[in-house]
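Scroll down for the structure; my scribbles are underneath it.
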Amino acid sequence: MANAEKFIVLPYRKNRGNLVPGEMRQASNAMSAEKIATSMAARFIGVAAYAVMVDDETGDMSSPRLLIRHGEIADLNPA
């Protein structure tokens, strides 16, 4: 099982009073993810950039690490 670190940006919006994630965008590196998140911040109630470990075989993501956040975001690691 090969794991690779990937960088994603996840916008959030409100739907019927609940915070829901929008379409995930991939970035080439951490700095790029932070720039994308910052540029999207004005259009969404919240935006977050994460570094995640991705299993190359299954595509499963794990170990999200928050790089930057703007506004309201949901917890990717609920207790």
Side-chain angles (χ1 to χ4, degrees):
M1 172 167 72
N3 286 335
E5 185 174 49
K6 304 282 183 174
F7 303 95
I8 61 169
V9 178
L10 199 55
Y12 291 89
R13 59 185 172 80
K14 289 274 185 164
N15 185 17
R16 298 182 184 186
N18 296 318
L19 199 58
V20 295
E23 186 176 335
M24 179 177 59
R25 292 188 56 182
Q26 194 167 351
S28 56
N29 58 48
M31 185 176 289
S32 176
E34 291 179 21
K35 285 182 181 178
I36 292 168
T38 299
S39 71
M40 293 173 72
R43 296 186 311 250
F44 294 93
I45 196 159
V47 180
Y50 298 94
V52 295
M53 296 306 293
V54 178
D55 182 321
D56 289 333
E57 293 175 13
T58 65
D60 291 340
M61 287 188 257
S62 63
S63 307
R65 180 172 48 91
L66 183 63
L67 300 173
I68 192 170
R69 69 177 276 175
H70 297 279
E72 290 182 59
I73 64 169
D75 185 6
L76 287 185
N77 289 321

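FYI, side chains are in, hydrogens and waters are out, and symmetry mates aren't considered; it's all heavy atoms of this structure.
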Side-chain heavy-atom pair Met40, His70 within 4.5 angstrom cut-off: no

Tyr12-Ile8 co-clustered via ILVMFWY side chain contacts under 4.5 Å: yes

Ile45 reachable from Val20 in the ILVMFWY side-chain graph, under 4.5 Å edges: no

Shortest non-hydrogen contact between Ala37 and Ile68, atoms and distance: CB-CG2, 4.0 Å

Single-linkage hydrophobic cluster Ile73~Phe44, side-chain heavy atoms < 4.5 angstrom: no

Minimum-distance pair of heavy atoms, taken over all atoms of Ala74 and Tyr50: O-OH, 3.7 Å

Value rounded to 0.5 Å, distance of CD in Gln26 from CZ in Phe7: 10.0 Å

Criterion side chain to side chain contact (heavy atoms under 4.5 Å, CB included) against Met53, the qualifying member of Glu5, Lys6, Arg65: Glu5

Closest non-hydrogen atom pair, Ala33 against Leu67: CB-CD1, 4.3 Å

Rounded distance (nearest 0.5 Å) linking atom CD of Glu23 with atom CG of Leu10: 10.5 Å

For the student: nearest non-hydrogen atoms of Ser32 and Asn29, plus distance: N-OD1, 2.7 Å

Hphob cluster co-occupancy, Leu66 + Ile36, side-chain heavy atoms under 4.5 angstrom: no

Pairwise distance CG(Asn3) to OG(Ser63) - rounded to 0.5 angstrom: 8.0 Å

Met24, CE atom: more than 12 neighbouring heavy atoms under 6.0 Å: no

